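If you read the sequence from its start, that first residue is 1, and numbering goes on from there. These numbers come from a predicted model, not from an experiment.
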Amino acid sequence: MSTSWNTAAIAEKLGIPTADLAIETIIHEVDGVEYENVLLFNKAQPPVTGVLSVPNYFGIRQQALEIAATTVGAQHAIFVADVFGRAVRPTNPDEAVAVITALKSNRAELRRRMHAALAAFAQQQKIAIAADKIGVCGFCFGGTAALELARDGAQVRGTVSLHGALDTPAPASSQVKGAVLVLHGVQDPSVPREKVDAFIDEMSALKIDWQLVNYGQAGHSFTDPDANNPGFYYHRQTAQRAAVALQAFFGEVLA
């Protein structure tokens, strides 16, 4: 289900000339199902570090690439991961909710798909990234997916959730290896205070390097320019601050 991308818009978000943008379709297969990912990097200055980025509930689309480019930046290769399957591209919120509800109800399957995407990223020969120079981030549902990969003991240096859900079915079994950064909108109705507190307890018990940043005026979807519903809305200032925080985090843990 390949797509023609607006490369100029993506390059603009990365802050590089369009001619310097490499954009590659990467297909991997799990149990006979194909997944279609997109690899972005600056071919004029090939990066030596990488970030696997998981989109929101709409999955792979132009906006997902632009948000990843804006937030992660050009200093890392960005692997925008498909965890839905090549043939699954929601076209409206109802379809999108149905897809992610099934995966959120089956965390073992979500973790399996995330591990497969991470392996596909690590195997890329177009870029010279060592296995220990990869981080993971995700937006909304993608934040949930990123945290589940970390909880399953993935060998990644750092994980960032941006306005993602923080709960997990078995927090006592979490096996996070790397650092964690959660960028959370306090006005998010889908993540009530008790879930934030439970996440704090989970991370504290692991005794790892973790951070939680609460943005007071932001709700869910604060990085999504199209979001405009009560509790689920774009907040430009928070999106910009979150990008600064994420880039500083990966600049540290992937150094």
Side-chain angles (χ1 to χ4, degrees), residues 1-5 7 10 21-43 46-69 71-72 76-90 95-96 98-100 102-104 106-161 164 177-178 250 254:
M1 204 168 192
S2 299
T3 306
S4 296
W5 305 112
T7 55
I10 297 167
L21 173 64
I23 180 165
E24 307 275 352
T25 298
I26 308 297
I27 296 174
H28 73 276
E29 186 175 309
V30 181
D31 294 339
V33 177
E34 290 188 336
Y35 296 80
E36 187 174 275
N37 316 276
V38 179
L39 175 65
L40 309 172
F41 63 94
N42 181 358
K43 59 188 177 184
V48 297
T49 56
V51 174
L52 185 151
S53 177
V54 189
N56 69 10
Y57 70 162
F58 275 108
I60 301 284
R61 58 178 180 155
Q62 177 71 29
Q63 189 200 64
L65 305 189
E66 292 186 25
I67 291 174
T71 309
V72 178
H76 311 290
I78 306 172
F79 189 88
V80 185
D82 176 15
V83 295
F84 294 168
R86 190 179 186 183
V88 180
R89 294 292 183 266
E95 291 178 0
V99 173
I100 67 165
L103 284 173
K104 290 178 74 173
N106 188 346
R107 299 298 176 99
E109 175 63 16
L110 177 57
R111 291 179 179 193
R112 189 172 73 105
R113 295 187 188 188
M114 286 295 293
H115 277 291
L118 179 63
F121 186 17
Q123 292 164 7
Q124 294 310 304
Q125 302 300 312
K126 302 174 184 69
I127 44 178
I129 295 177
D132 64 346
K133 294 290 186 179
I134 294 177
V136 181
C137 72
F139 304 82
C140 297
F141 163 75
T144 303
L147 288 173
E148 286 302 308
L149 178 65
R151 286 167 166 138
D152 206 40
Q155 296 293 332
V156 295
R157 296 284 287 273
T159 301
V160 182
S161 169
K177 306 297 184 187
F250 282 133
L254 297 179

Within-4.5 Å side-chain heavy-atom neighbours: Phe141 and Val83: yes

Is there a side-chain contact between Gln155 and Ile134 (heavy atoms, below 4.5 Å)? no

Taking 4.0 angstrom as the limit, do Arg89 and Asp82 come out as a salt bridge? yes

Which heavy atom of Arg113 sits nearest a heavy atom of Tyr35, and at what distance? NE-OH, 3.4 Å

Quick check: do Asn37 and His28 have side-chain heavy atoms less than 4.5 Å from each other? yes

For Ile23 versus Trp5, what's the shortest heavy-atom pair and its separation? CD1-CD1, 3.4 Å

Arg157 (side chain) donor-acceptor with Asp132 (main chain) under 3.5 angstrom: yes

Side chains of Leu103 and Glu148 in contact at under 4.5 Å (non-hydrogen atoms): no

Would you give the length of the straight line joining atom CG of Asn42 to atom CD1 of Ile78, rounded to the nearest 0.5 angstrom? 10.5 Å

To the nearest 0.5 angstrom, please state how far the CG atom of Leu52 sits from the CZ atom of Phe79. 6.5 Å

Point-to-point distance, once rounded to the nearest 0.5 Å, from CD1 of Ile129 to OG1 of Thr49: 6.0 Å

When you measure from the side chain of Gln125 to the backbone of Gln123, do you find a donor-acceptor pair of N or O atoms at a distance under 3.5 Å? yes

If every non-hydrogen atom of Ala77 is compared with every non-hydrogen atom of Pro47, which pair is closest and at what distance? N-CG, 3.3 Å

Within this structure, what is the CG-CZ distance for the pair Leu118 and Arg111, rounded to the nearest 0.5 Å? 14.0 Å

State, yes or no, whether a side-chain contact exists between Ile60 and Glu36 at a heavy-atom distance under 4.5 Å. no

Can you say whether the rings of Phe250 and His76 are parallel (under 30°), tilted (30 to 60°) or perpendicular (over 60°)? perpendicular

Would you say the side chain of Thr159 lies within less than 4.5 Å of the side chain of Leu149, judging by non-hydrogen atoms? no

In Å and rounded to the nearest 0.5 Å, what is the CD to CD1 distance from Glu95 to Ile100? 13.0 Å

Scanning both residues in full, the closest heavy-atom pair of Cys137 with Ala146 reads C-CB, 3.9 Å

A side-chain contact here means heavy atoms from C-beta on lying under 4.5 Å apart; do Ile26 and Phe121 qualify? no

Check whether any side-chain heavy atom of Thr71 sits under 4.5 Å from a side-chain heavy atom of Val160, and report yes or no. no

Testing the basics here: between Gly50 and Leu254, what is the closest heavy-atom pair and its distance to 0.1 Å? O-CD1, 3.8 Å

Minimum heavy-atom distance between Pro55 and Val80, given as atom pair plus value: CG-CG1, 3.7 Å

Atom CG in Leu39, atom CD in Gln124: separation rounded to 0.5 Å? 6.0 Å

